[in-house]
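Here's the structure, in structure tokens; my notes come after.
Remember, it's a predicted structure, so these values are computed and weren't measured experimentally. Only this structure's heavy atoms are used, side chains among them; waters, hydrogens and symmetry mates stay out. Labels below follow one simple rule: chain letters A, B, ... track the order of the sequence lines, proteins then strands, and each chain is numbered from 1.
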2 protein chains.
Amino acid sequence: MEGNRIASCEEIMRNKQVILREHVRGFPRDVDMEVRDGSVKLKVEDGSSGAMWVKNLYLSCEPKTRLLMDTIRPGSPITGFGVARVVDSANPKFKKGDLVLGITGWEEYSLIASSETFFKIEHTDVPLSYYNGILGMPGLSAYVGFFELCSPKKGESVYISTAAGGVGLLVGQFAKLLGCYVVGSAGSQEKLLKNKFGFDEAFNYKEEADLDAALKRYFPEGIDIYFENVGGKMLDAVLLNMKSHGRIAACGMSSQYNLEQPEGTHNLMNLILKQVRMEGFLVSSYYHLYPKFLETVLPHIKQGKITYVEDIVEGLENAPAALVGLFSGHNVGKRVIVVSRE
Amino acid sequence: MEGNRIASCEEIMRNKQVILREHVRGFPRDVDMEVRDGSVKLKVEDGSSGAMWVKNLYLSCEPKTRLLMDTIRPGSPITGFGVARVVDSANPKFKKGDLVLGITGWEEYSLIASSETFFKIEHTDVPLSYYNGILGMPGLSAYVGFFELCSPKKGESVYISTAAGGVGLLVGQFAKLLGCYVVGSAGSQEKLLKNKFGFDEAFNYKEEADLDAALKRYFPEGIDIYFENVGGKMLDAVLLNMKSHGRIAACGMSSQYNLEQPEGTHNLMNLILKQVRMEGFLVSSYYHLYPKFLETVLPHIKQGKITYVEDIVEGLENAPAALVGLFSGHNVGKRVIVVSRE
């Protein structure tokens, strides 16, 4: 072991990185990011207890990446969840060669100072990239938001915005497996929601001049559960259409991420009139449920009961455009950036 | 008994009423209401099963009265909770002479078609008017919103808007009895919250140019529980100051009741970032908890552990002004209109 470690210490590697140039205002643009080459020694410095170097394999590209951009320093790489292989470790939880899932950088190699967000990947009889989506944080988000926060019951009416995204597609399928009536909206490809993913109904929100009317068409008796991914005008229309004692799991509000001033939500009085519970959540508070979640979802995948689609982008050099394109609403399935297939 | 009933059937009584002239836009004004005399026969017609005539004694005057005005027909009396005595009844649950609490009219005598909202008053060793406040729906609202929805714990930080109102004063005292840090805001008389009702701190929201800064002053570490009575700008400021895993019980949004277009709430993204649960409720869904609530609160009152203040308005002829004045924020305690002391 010690011999291996010394050998890896001496490697100096090229490290291609996607760097945040400066803080983004509004929608991210290609020019906000720069792909450049650095070099790294893949050695954990003595005394860096808990640190490890990882080789990034698959990175998750999602609306929250935009939010994370506000938390990093210009000149640093973009951050987000990814699947990686440990190449050097002073962390007792992970050893060289382990496959891991956690918050890493948009670069070929990352030094991980804290392993709090990291999970060891144990099941490798499914594609590794799945750990960015259905088996990763989007999957856990769908599971937690739907089952833990919304206490769904068979036969209830479920509405999902950004339904063609990584989280939404799973919520819809979880809801169908439970026996709910499920409607999703998306910015394009909405027909796939019905034809490929088994949603009962789907619509393109861009084609609806009146979102309230659209929701009344699909939910004449109202919505029991709303899985909130977008916020803004959609939330306002949903509030008008919630059933009494409805539940809203707020997972994201992607329509607001690029605004300097968030839009106002005007119909909150309906939370009272309809006795609605709205709860926001961050998947990071539910890591303890990850093993239970995997136990639930792995059999569904292996038995083909859940359809999973990836939207694969090859190479870090294409990562900025992949992030920018996310907000035009044309992708279906989980967008993953392949850094290396090893 | 039958003899009594026949006797009461024949009485023709003057019935002073507070009539809604036409639907109100914005704040209610005196001229929206008219006090006039009618006459009634206090006899439940044959075949009106479940109906009863009541003599109204004490009426509750509260912000929600304004909301109820949108649900009644012009030409009808204002409606709301009140304490009354049954004068004739075809309802097996209530007999002549019973004291009851329920939704009645702003008039001397009301015909109650449905007794769904009605409770029989059993404990008469406290002032009857209390059943409009601390022992009635405001009390049950405070109890349900604070204990059932917010799961409060000793030592938590609690903020209450409209803290000098009928519900807010109780929430604050419940929270103090539990051992919470309690701050309230009001439109006037805020000093009484500290000096008379035992709040830890209080402020006048009208004197704060920056509500966010005011909340940061009183809650440097954030708010665990917000008891929402006003909505609008206050809610926006609160959202910026909630602690992680905070809870908001939405009981009312009185700042919005008089607006033709509700204000926008801009900071809902904080529900996600701070993982806040916001839940609206109507006390009507919690009537089953009324006996449990009475068991809890009656001993507190008898032992003097809860301070209760009423803001008594004498006579139906003063009721319109009492309602109008409610929205200028000058009352302290539960506003009650005395129709008759019998």
Side-chain angles (χ1 to χ4, degrees), chain A residues 63-64 66-68 70-71 141 144-145 148-150 227-236 238-240 242 244-286, chain B residues 63-64 66-68 70-71 141 144-145 148-150 227-236 238-240 242 244-286:
Chain A
K64 282 197 182 161
R66 166 68 187 85
L67 276 189
L68 287 172
D70 292 340
T71 68
S141 295
V144 164
E148 296 286 316
L149 272 69
C150 293
F227 198 96
E228 164 68 303
N229 284 312
V230 295
K233 291 182 183 64
M234 181 63 84
L235 175 58
D236 253 341
V238 167
L239 286 167
L240 295 175
M242 289 302 288
S244 193
H245 296 284
R247 289 135 274 153
I248 300 176
C251 177
M253 297 193 176
S254 59
S255 71
Q256 308 298 299
Y257 297 168
N258 302 303
L259 304 179
E260 298 219 9
Q261 281 293 327
E263 289 177 295
T265 300
H266 295 81
N267 298 328
L268 285 177
M269 196 46 212
N270 288 277
L271 291 183
I272 300 178
L273 300 175
K274 278 115 168 223
Q275 308 197 67
V276 170
R277 187 177 73 216
M278 180 167 179
E279 187 166 355
F281 72 103
L282 298 173
V283 72
S284 53
S285 289
Y286 296 89
Chain B
K64 282 197 182 161
R66 167 67 187 87
L67 275 189
L68 287 172
D70 292 340
T71 68
S141 296
V144 163
E148 295 287 315
L149 272 69
C150 293
F227 199 96
E228 164 69 305
N229 284 312
V230 294
K233 290 183 183 62
M234 182 62 84
L235 176 58
D236 252 342
V238 168
L239 285 167
L240 295 174
M242 289 301 290
S244 194
H245 297 284
R247 289 135 274 153
I248 300 175
C251 178
M253 295 192 177
S254 60
S255 71
Q256 308 298 297
Y257 298 169
N258 302 304
L259 304 178
E260 297 220 8
Q261 281 293 328
E263 288 178 295
T265 300
H266 295 82
N267 298 329
L268 286 177
M269 195 49 210
N270 288 278
L271 291 182
I272 300 178
L273 300 175
K274 278 115 169 222
Q275 310 196 68
V276 170
R277 186 176 74 214
M278 181 168 178
E279 186 165 356
F281 72 103
L282 298 173
V283 72
S284 53
S285 289
Y286 296 88

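In plain terms, the two heavy atoms of B:Leu282 and A:Leu273 that are nearest each other are CD1-O, 3.4 Å. Of all heavy-atom pairs between A:Glu263 and B:His266, the closest is C-CD2, 3.6 Å. Of all non-hydrogen atoms in B:Asn267 and A:Pro262, the two that sit nearest each other are OD1-CG, 4.5 Å.
Rounding to the nearest 0.5 Å gives a distance of 9.0 Å between CG of B:Leu268 and CD of A:Gln256. The distance from atom CE of B:Met253 to atom CG of A:Leu271, rounded to the nearest 0.5 Å, is 5.5 Å.
For the pair B:Leu67 and A:Met269, the minimum side-chain heavy-atom distance is below 4.5 Å. Between A:Gln275 and B:Ser285 the shortest side-chain heavy-atom distance falls below 4.5 Å.
B:Ile248 does not touch chain A: none of its heavy atoms, backbone or side chain, sits under 4.5 Å away.
Between chain B and the options A:Gly231, A:Gly232, A:Cys251, heavy-atom pairs under 4.5 Å are most frequent for A:Cys251.
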